[in-house]
Amino acid sequence: MKPQDHGQWKTLMRLAARSIATPLATLSDEADRFEKFSFSAAGLLLDLSKQRLDQPILESLLALAQECGFEAGRRALLDGELVNTTEKRSALHTALRAPAGARPADVTEVGQRLVDLVNAVHSGAWRGATGRVITDIVHIGIGGSHLGPELVCEALTATPASPGSTHVHFVANLDAHALARVLAEVDPERTLFVIVSKSFSTLETRVNALSARSWLLERMADPDAVSAHFVAVTSNPQAAAAFGIPESNRFELWDWVGGRFSLWSAVGLPIMFSAGIHAFTRLLAGAQAMDAHFADAALEENLPLLMALTGIWNYNFLGVTNHAILPYCERLRLLPDYLQQLMMESNGKSVHLDGSTVSIHTMPIVWGGTGTNGQHAFHQLLHQGTRAFTADFILCAADEHQLSDHHRWLLANALGQSQAMMSGEAHADPHRAVAGNHATTTLVLPDLEPESIGALLALYEHTVFCQGLLWNINSFDQWGVELGKRLAEPIFKQLGGSSALTQDMPTRGLINYLRRFDE
Ligand code: F6P
C-alpha cells in the first residue's frame with residue numbers, strides 16, 4: 001500500500017497546512033516544551049523540542065506508523081525475515097551485536113579468530129615475511145567497507161588503545177594518490193594489508209589491492225610474502241583465494257549483513273587494531289542497548305521511530321528537501337560522510353516494494369560538516385538563504401580533554417545556532433534580519449566512549465529502517481549504483497585505445513578530448 005493511501009497521511013496533510021502558518025518560534029514559548037519533546041535511551045538524549053511538532057501531530061505520526069505496519073515490520077527485521085526483497089536476504093546486523101549468548105555460532109567463531117589475529121599482531125607473534133613485527137595496518141575498502149570503520153577509529157582516538165596497538169591507514173578512493181600517500185608512510189616489512197570487500201569484486205578495492213600487492217612484492221624477495229602481509233574480509237572466499245590470500249587469513253562476512261550496516265562484523269577489524277578489542281566489544285554493547293530499546297520500547301518513546309517520523313513529517317509534509325548533519329565534535333568529523341551512505345544509499349529509492357512508482361518524496365539530500373567550522377562556511381545560507389532544510393546537531397555532553405573552555409564554547413555555539421535557526425531575529429535593516437523558522441533536532445551523547453558511539457550509530461541505522469518501512473521501499477538494496485559502474489567498463493578501454501565510440505555525443509566528445517592526454 002502506498003503511504004499516502006493511509007488515513008493518517010491525509011490527517012497529517014491538514015495538520016501541516018495549519019502548522020506551516022504558525023511561526024516555529026511561537027512553539028518555543030511553551031513552558032514544558034523540552035520535557036514534552038525530549039526523549040532518552042541507551043544514554044542518549046533526543047531533543048525534538050525545536051521541531052515543528054505538537055501533541056496532535058506527534059499522535060498522528062505515531063498512528064501513521066501503526067497504519068504502515070511498524071510493529072510487524074520491526075519484528076520481521078529483527079527475526080531475520082527476508083526484508084531485502086529484491087535480493088531475497090535478511091538484514092540481521094543486530095545479530096552481530098546480540099548479547100554474547102544469543103549471537104549466532106559462526107559470528108562468535110569469526111569474532112574469536114579476529115581477536116586471535118589482533119592479539120597476534122599486537123603481541124608480535126604475527127611477523128611479516130622478513131620476521132619483522134607489524135606496526136601498520138592498511139585497510140583497503142570502500143563504501144560500507146570503509147566509512148563506518150574509519151569514522152569509529154577517528155571517534156575513539158582518545159580512548160586508550162591496548163598495548164602495542166597499531167597505526168591504521170585507510171585507502172578507499174580509486175585515485176592512486178590515496179594509495180600512494182599511504183604507501184609512502186609505511187614500511188613493507190612491517191605492514192599488514194586488510195582487504196575488505198563483501199563482494200571482493202568492487203573495482204576500487206580490486207585495483208587498490210592489486211597495486212598494493214605489486215608494491216609489496218617488488219620490495220620483498222619472497223613471492224610468498226602475500227600470506228604474511230594480506231588478510232581479507234569477504235563473503236567471496238574464492239576471489240580472495242585467487243588473489244593469494246590463504247584460508248587462515250580470510251574472515252567471513254555473511255550475505256545477511258548489508259555493506260553499510262557491516263562495521264559490527266569483521267569489517268570493523270581496524271577498530272580492534274587501533275582502539276583495542278575491549279573498545280570494540282563496548283561499541284557492540286552500546287549498539288545492543290539501542291537495539292533492545294528499539295525492539296521493546298513503546299512507540300511513543302521509541303527513539304529511532306520518533307526520529308524517523310520527525311524526518312517524514314519534515315520531508316513529506318513540510319517540504320524540506322535537504323538534511324544537514326552537524327556534529328559539534330571533531331572526533332565525529334566523518335559522521336556526515338558515513339550517514340550520507342547509510343541514509344541516501346538505503347532510502348534514495350523511487351519504487352515501492354511491489355515495484356510500483358513512488359509518488360511522494362523519499363530521502364532528501366543529506367550533507368553536513370563539523371561545527372564550528374561550518375559556521376564559517378555554509379551557515380550563512382542556512383540563516384539567510386532561500387532553501388528549506390532541517391539539521392541534526394550532535395553534541396557530546398562531556399569531553400575528555402582538559403581545555404574546558406573549548407568545550408563550553410563548542411556547546412554554546414551549537415545551542416546558539418539552533419536557537420538562531422528556530423527563532424531568527426527581526427532587524428530594521430533587511431540585510432541583517434534572520435528569518436529563523438528552521439526546525440532542528442539535537443542529539444546529546446553523554447561522552448565519546450565506545451558505548452555512546454555504538455548507540456548513536458544503531459539509532460541512525462534503525463531510523464533509516466523505520467523511514468524505509470513507512471515509505472514502503474527496500475532500504476537494503478542499491479541497484480541504482482550499478483549502471484554507472486557498467487558504463488565505465490567500455491570507456492576504460494576506449495580511453496586507452498582508438499576503438500569506435502558508441503556513446504551519446506557529449507560523452508563521445510569528452511572521451512575524444514581526454515584520449516589526447518592518455519599516453
Ligand atoms: O557500490 C555500492 C556498494 O555496493 C556499497 O553498497 C558497498 O558498501 C560498497 O559498494 C562496497 O562493496 P564491497 O564491500 O562489496 O566491496
Side-chain angles (χ1 to χ4, degrees), residues 83-93 96 110 114 138-153 170-175 178-179 193-213 230-243 245 249-271 334-349 362-363 366 457 460-461 464-465 468 473-489 492:
V83 290
N84 178 352
T85 47
T86 61
E87 296 177 298
K88 304 206 172 13
R89 292 174 184 169
S90 49
L92 264 179
H93 38 284
L96 299 167
V110 173
L114 293 169
V138 177
H139 176 110
I140 297 181
I142 197 163
S145 294
H146 158 238
L147 293 161
E150 188 170 17
L151 158 68
V152 177
C153 283
F170 289 89
V171 178
N173 198 335
L174 185 56
D175 188 330
L179 181 65
F193 291 92
V194 181
I195 312 302
V196 183
S197 177
K198 185 176 169 186
S199 60
F200 220 84
S201 65
T202 301
L203 174 76
E204 292 86 342
T205 303
R206 198 160 37 91
V207 171
N208 278 324
L210 286 170
S211 297
R213 189 179 66 179
F230 279 81
V231 301
V233 175
T234 187
S235 55
N236 184 354
Q238 295 82 3
F243 182 89
I245 299 177
N249 293 11
R250 300 197 298 255
F251 298 89
E252 195 179 358
L253 253 186
W254 303 272
D255 69 357
W256 44 265
V257 182
R260 51 195 174 272
F261 300 87
S262 66
L263 76 94
W264 324 97
S265 69
V267 172
L269 185 55
I271 304 169
L334 298 176
L335 187 65
D337 299 26
Y338 165 83
L339 289 180
Q340 279 187 321
Q341 190 206 20
L342 183 66
M343 294 174 162
M344 296 207 281
E345 198 172 77
S346 299
N347 285 340
K349 308 285 164 66
T362 56
M363 197 63 209
V366 179
L457 302 186
Y460 274 112
E461 282 182 350
V464 162
F465 166 75
I473 57 177
N474 183 354
S475 300
F476 299 106
D477 62 10
Q478 59 283 319
W479 295 107
V481 303
E482 297 302 326
L483 174 62
K485 290 183 195 173
R486 219 170 48 241
L487 295 178
E489 295 281 340
F492 172 77

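Only heavy atoms go into these numbers, but all of them, side chains included; no hydrogens, no water, no symmetry mates. Both counts, for ligands and for their atoms, begin at 1 and track the order of listing.
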Subject >> Atom indices of ligand 1, in the order listed, that fall short of 4.0 Å to a heavy atom of Ser197 >> reply: 13 (P), 14 (O), 15 (O), 16 (O)

Original post:
So which heavy atom in the protein is nearest atom 12 (O) of ligand 1, and how far is it from that ligand atom?
Top reply: Thr202 OG1, 3.4 Å

Subject >> Shortest protein contact, atom 9 (C) of ligand 1 (heavy atom only) >> reply: Ile142 O, 3.7 Å

**OP:** State whether the shortest distance between N or O atoms of Val196 and N or O atoms of ligand 1 falls below 3.5 angstrom.
**Re:** no

**OP:** Please check atom 15 (O) of ligand 1 for a protein heavy-atom neighbour under 4.0 Å.
**Re:** yes

**OP:** Name the closest protein heavy atom to atom 8 (O) of ligand 1, giving the residue it belongs to and the distance to 0.1 Å.
**Re:** Gly144 N, 2.7 Å

Original post:
For Glu345, is at least one N or O under 3.5 Å away from an N or O on ligand 1?
Top reply: yes

**OP:** Please name the pair of heavy atoms, one in Val83 and one in Asn474, separated by the smallest distance, quoted to 0.1 Å.
**Re:** O-OD1, 3.8 Å

**OP:** Please examine the side chains of Val196 and Leu269, heavy atoms only from C-beta on, and report whether any two atoms are closer than 4.5 Å.
**Re:** no

Original post:
Does some side-chain heavy atom of Trp264 sit less than 4.5 Å from a side-chain heavy atom of Val257?
Top reply: no

Original post:
What part of Gln478, side chain, backbone, both or neither, has a heavy atom within less than 4.0 angstrom of ligand 1?
Top reply: side chain

Original post:
Nearest protein heavy-atom contact for atom 4 (O) of ligand 1: which residue, which atom, what distance?
Top reply: Lys485 NZ, 4.2 Å

Original post:
Atoms of ligand 1 less than 4.0 Å from Val481 heavy atoms?
Top reply: 1 (O), 2 (C)

Subject >> Proximity flag Gln341 to ligand 1, non-hydrogen atoms under 4.0 Å >> reply: yes

Subject >> Donor-acceptor pair between Ser199 and Thr202 side chains, under 3.5 angstrom >> reply: yes

Original post:
At what distance, to the nearest 0.5 angstrom, does CZ of Phe170 lie from NE2 of His139?
Top reply: 5.5 Å

Original post:
How are the rings of Phe243 and Phe200 set relative to one another: parallel (under 30°), tilted (30 to 60°) or perpendicular (over 60°)?
Top reply: perpendicular

Original post:
Would you call the rings of Phe230 and Phe193 parallel, tilted or perpendicular if under 30° counts as parallel and over 60° as perpendicular?
Top reply: parallel

Subject >> Over all atoms of both residues, closest heavy-atom pair of Ser262 and Val267 >> reply: O-CB, 3.3 Å

